[in-house]
Structure formats: C-alpha cells, structure tokens
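Scroll down for the structure; my scribbles are underneath it.
Throughout, protein chains are lettered first and strands after them, A, B, ... in sequence-line order, and every chain is numbered starting at 1.
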Protein chains: 2
Amino acid sequence: MKKKVGVILAGCGYLDGAEIRESVFTLLALDKNDAEAIIMAPNIEQHHTVNHLTGEEVNHNRNVLEESARIARGKIQDITKVNIDELDALVLPGGFGVAKNLSSLAFKGAEGKMNPEVQKVIEKVHKANKPIGAICISPAVLCLALGKEAPEVTIGNDVGTAQAIEVMGAKHINCEVDEIHIDKKLKIVTTPAYMFDDAPISKVALGIEKCVTQVMNFLK
Amino acid sequence: MKKKVGVILAGCGYLDGAEIRESVFTLLALDKNDAEAIIMAPNIEQHHTVNHLTGEEVNHNRNVLEESARIARGKIQDITKVNIDELDALVLPGGFGVAKNLSSLAFKGAEGKMNPEVQKVIEKVHKANKPIGAICISPAVLCLALGKEAPEVTIGNDVGTAQAIEVMGAKHINCEVDEIHIDKKLKIVTTPAYMFDDAPISKVALGIEKCVTQVMNFLK
C-alpha cells in the first residue's frame with residue numbers, strides 16, 4: 001500500500017495562487033518516494049486574480065479549486081470532502097495564494113486568520129503525530145495554524161515574514177534554497193524554495209525533493 | 001556563455017494551454033543542462049478556456065501570453081519580440097493549447113494551420129540547423145510546421161494523431177513515456193510525456209529530461 005500524502009493547493013500562479021513549479025516538484029518528489037498524492041483545495045473564490053505578465057489585478061476573479069485543478073490535471077478534491085484520517089502526511093507548496101487564499105497572512109501577518117477547512121486538515125494531521133512538509137511561504141502559514149506549538153521553520157531571507165514568525169512565537173531558521181530544516185519533535189520539514197525569488201529552478205527542485213523525502217522518512 | 005534555448009508556451013493548463021508539468025520539467029532540464037530558457041508565447045486569445053475541474057468550456061476567455069506568464073513567473077517574451085537568431089535550440093512542451101492555440105491541429109488534423117509567428121520561429125531555428133525538442137502533442141505540430149521535411153517523431157499511443165502524422169508525410173515512432181526518439185538527420189528529439197494520460201509523473205519527468213539533454217548534446 002502506498003502512503004497517502006495530502007497536498008493542499010492554493011490556485012495556479014505564484015502571485016495569486018499556488019507556486020506552479022513548487023507544486024509540480026512536490027508531486028514529482030512524492031511519486032519518486034512511491035507515495036500517492038491526495039491533491040485538495042478549498043472551493044472558494046481567490047482573494048484576487050493577478051495578470052502574471054503585468055503584475056496588475058484583473059477584474060474577473062477565479063476559483064481556487066478550479067485553478068488548482070490545472071496543476072492537478074483534474075485529479076483534485078474539494079478540501080471539505082477529503083477523508084483526513086486516511087492521510088499519512090501533508091505537504092504544503094507555496095505561492096502567494098497560500099497567504100492570500102488559504103489564510104490572510106499576506107494582509108495581517110501574525111494577526112492573520114486561517115481558512116477554517118485548511119486549519120482543520122493541518123490540525124488533524126499534526127495532532128495525529130503525522131509529518132508535515134511546508135515550502136516557501138507555507139511555513140509561516142503553518143505557524144499561524146499551529147499557534148502555541150511554535151515550530152522551527154525556514155522562510156528564506158524575507159525579514160518581514162521572519163519577524164511575523166517570531167511574533168507568532170515560532171522560530172525562524174536560516175536555510176539555503178537547496179536545503180531543508182527539520183523540526184524533529186513536531187515532525188515538520190521546511191524549505192525556502194521561491195522565497196528566494198531568483199533561485200535557479202534546479203535548486204528549488206532539489207530543496208523540495210529533500211523536504212518531501214524527509215517527510216516520507218518520518219513514516220518509515 | 002550559457003546556450004540560449006527557446007521554449008514556446010501555449011497557455012497554462014493541459015486542456016486549453018501548455019501542459020503545466022511538462023513545461024516545468026522542460027525548464028528544470030534546461031537548468032540542469034546549464035542552459036538559459038528564453039520563454040515565449042504568442043500574445044493572442046486562447047481558442048477557448050476550459051474549467052479543469054469539470055472539463056467544461058467557460059465564458060470568459062484568457063490570453064495565451066498572460067497565462068503562460070504564470071509558468072514563466074513573469075519572465076516571458078511576446079513571441080514577435082524574440083531575437084530568433086540568438087537561439088541555439090528550441091523546445092516545445094505539450095498540452096492541448098499547442099494544438100488549439102499555436103496551431104489548428106486539434107480541429108483540422110493534418111489540414112491544420114500554424115500560428116504564423118510560431119511557424120516563423122520553428123522554421124528559422126530548423127533552417128539554421130539547430131536542434132528542436134518536442135514533447136507530448138508538439139511533435140505532430142512540428143510535423144505540420146516542417147511540412148516536406150517529414151521528421152520521425154513520437155506521439156505515444158494516440159492512433160488518430162499518429163495517422164495525422166503519417167498523412168503529413170512524416171513518420172510516427174512508437175516510444176515509451178520515459179524514452180525518446182532522435183531524428184539525427186533533422187536534429188529533432190521527441191518524447192510522448194502526457195500523451196500517456198495516466199503516466200506516473202516521475203516517468204514523464206524522466207522522458208523530458210532525456211529529450212532536453214539530447215537537444216543540448218547536439219550543441220556540443
């Protein structure tokens with residue numbers, strides 16, 4: 001039996017949704033580790049939709065689940081329909097959508113609120129002592145979700161987000177793009193990925209492969 | 001000096017644009033081969049836009065260049081602005097958008113027409129004796145573009161498309177998802193990728209890595 005690993009997507013595009021490359025490398029690393037990806041997203045409107053050519057907001061908004069389905073090639077579940085108990089682990093790719101759609105971290109920092117369904121999945125997986133991987137901006141959202149648990153996480157070199165993490169009572173760890181940090185006690189693995197905006201794509205892929213592989217190692 | 005390799009995208013999503021994973025693995029393989037990706041797309045409306053959750057067409061259409069910019073993280077050029085002579089090679093990821101937006105292959109098969117700007121890039125690169133890699137459905141579109149040159153290409157196990165390729169006078173070669181076919185004379189490298197709809201993502205990635213690496217080997 002393959003291990004089932006939940007992957008929460010936040011749309012499709014780094015400015016308003018899931019970071020596409022990070023999501024794809026997460027799915028690749030799960031397959032390389034012989035795990036089954038259970039891809040899910042909330043069935044909600046995006047906070048907004050951004051033209052990725054110009055960086056400008058556009059009028060016609062999009063739905064997080066429908067856009068995430070582009071990365072998932074249609075094989076995706078509404079997060080409210082997922083059998084959470086069946087999951088062996090969870091991985092959260094990054095992208096601004098994680099801070100805009102899955103939470104309000106992008107607007108309120110440490111005072112941000114979680115989408116309640118995303119909160120529920122993270123909480124249930126964590127309370128069952130199962131490992132969680134978080135990529136790019138997702139570690140900060142994970143800190144928001146876990147509150148007093150206060151994990152050690154990476155965020156790259158973004159000073160504002162690192163401060164928000166410390167305000168939440170969690171601990172920010174410096175980490176290179178192709179490296180990971182492991183919070184062994186809480187079974188949380190994090191990697192900065194495109195928090196380093198200009199990182200070579202192969203280093204981003206390597207960091208994510210290490211992150212996912214370590215998540216799977218917790219299950220051995 | 002890094003080799004410059006053109007990558008033509010057709011949107012963002014396999015049903016109406018570029019196949020996202022194939023595009024990402026193309027960029028990854030180029031970086032692993034120490035090449036610089038010159039990402040481009042035509043600045044045109046998509047043929048149509050498809051909800052990837054339901055498979056249904058939606059009312060509000062999208063622009064090929066703007067959607068491709070999601071995969072490119074904004075680092076993309078209008079195909080009419082690209083300095084084609086500067087390219088050392090070209091790679092075409094797949095997705096229905098290649099057959100719907102970059103050509104009319106999806107609707108007219110062997111009688112399809114090429115987008116004139118895409119045609120121009122392919123022709124110029126090929127006439128300069130530079131290698132071209134084509135993934136998934138793109139080999140069929142490449143046959144359309146090259147006409148009498150009649151390359152040997154892969155298309156997976158899609159009988160209709162294989163027949164269209166033969167009608168164009170080109171030759172279809174059977175090939176597994178994690179393998180490639182090399183037309184040494186014409187310097188064309190092809191791999192089926194998600195023409196095998198249910199292929200494991202790691203095999204798709206491997207086929208594309210081999211394809212891109214062989215394209216780069218032609219430049220040594």
Residues of residues 86-101 of chain A with any heavy atom under 4.5 Å of a heavy atom in chain B: none
Are there more than 12 heavy atoms of other residues, nucleotides or ligands under 6.0 Å from atom NZ of A:Lys120? no
Which bit of A:Tyr194 is near chain B, if near means a heavy-atom gap under 4.5 Å: side chain, backbone, both or neither? both
Keeping the roles fixed (side chain from B:Arg62, backbone from B:Glu45), state whether a donor-acceptor pair exists under 3.5 Å. no
At a heavy-atom distance under 4.5 Å, which candidate from B:Val204, B:Ile71, B:Ile76 has the highest pair count against chain A? B:Ile71
Do side-chain atoms of A:Ser104 reach the backbone of A:Lys113 as a donor and acceptor pair under 3.5 angstrom? yes
When every non-hydrogen atom of A:Asn61 is compared with those of A:Gln46, the smallest separation belongs to ND2-O, 2.6 Å
Any donor and acceptor pair, going by atom type alone, linking the side chain of B:Gln119 with main-chain N or O of B:Ala145 inside 3.5 Å? yes
Go through B:Leu15, B:Leu28, B:Leu30, B:Ile20 and name the one with the most non-hydrogen pairs under 4.5 angstrom from chain A. B:Leu28
Rounded to the nearest 0.5 Å, how far apart are CD1 of A:Ile201 and CZ of A:Phe25? 4.0 Å
Roughly how far, to the nearest 0.5 Å, is CD1 of B:Ile122 from CD1 of B:Ile84? 10.5 Å
Closest non-hydrogen atom pair between A:Ala193 and A:Val177, with its separation: O-CG2, 3.4 Å
Give, for atom CG of A:Asp78 and atom OG1 of A:Thr80, the distance between the pair rounded to the nearest 0.5 Å. 3.5 Å
Out of B:Glu66, B:Lys75, B:Lys203, B:Lys32, return the one with the most heavy atom pairs under 4.5 angstrom to chain A. B:Glu66
For chain A, which residues of residues 155-165 of chain B have heavy atoms nearer than 4.5 angstrom: none
Turns out that what part of A:Asp16 lies under 4.5 Å from chain B's heavy atoms comes down to side chain
Applying a heavy-atom distance below 4.5 Å, give me the residues of residues 48-56 of chain A that approach chain B, sorted by number. A:Thr49, A:Val50, A:Asn51, A:His52, A:Leu53
Interatomic distance, OG@A:Ser138 vs CG@A:Leu144, rounded to 0.5 Å, equals 11.5 Å
Listed by residue number, which members of residues 206-220 of chain A have a heavy atom under 4.5 Å from any heavy atom of chain B? none
Counting distance only, does the side-chain N/O of B:Ser68 pair as donor-acceptor with the main-chain N or O of B:Gly11 below 3.5 Å? yes
Are there over 12 heavy-atom neighbours, none belonging to B:Lys108, within less than 6.0 Å of that residue's NZ? no
Could you check whether atom CG of A:Asn59 has more than 12 heavy atoms from other residues, nucleotides or ligands sitting under 6.0 Å from it? no
I'd like to know whether CD of A:Glu176 has more than 12 heavy-atom contacts from other residues, nucleotides or ligands below 6.0 angstrom. no
Do the side chain of B:Thr190 and the main chain of B:Thr154 share a donor and acceptor less than 3.5 angstrom apart? yes
Main chain of A:Ala29, side chain of A:Asn33: is a donor-acceptor contact present, judged purely on distance under 3.5 Å? yes
If you look at every heavy atom in A:Cys12 and B:Arg70, which pair is closest and at what distance? O-NH1, 2.9 Å
Roughly how far, to the nearest 0.5 Å, is the CE atom of B:Met195 from the SG atom of B:Cys136? 5.5 Å
Mind checking the CD-CD1 spacing from A:Glu117 to A:Ile79? Nearest 0.5 Å is all I need. 7.0 Å
Chain A shares the most heavy-atom pairs under 4.5 Å, among B:Arg73, B:Glu67, B:Glu19, with B:Arg73
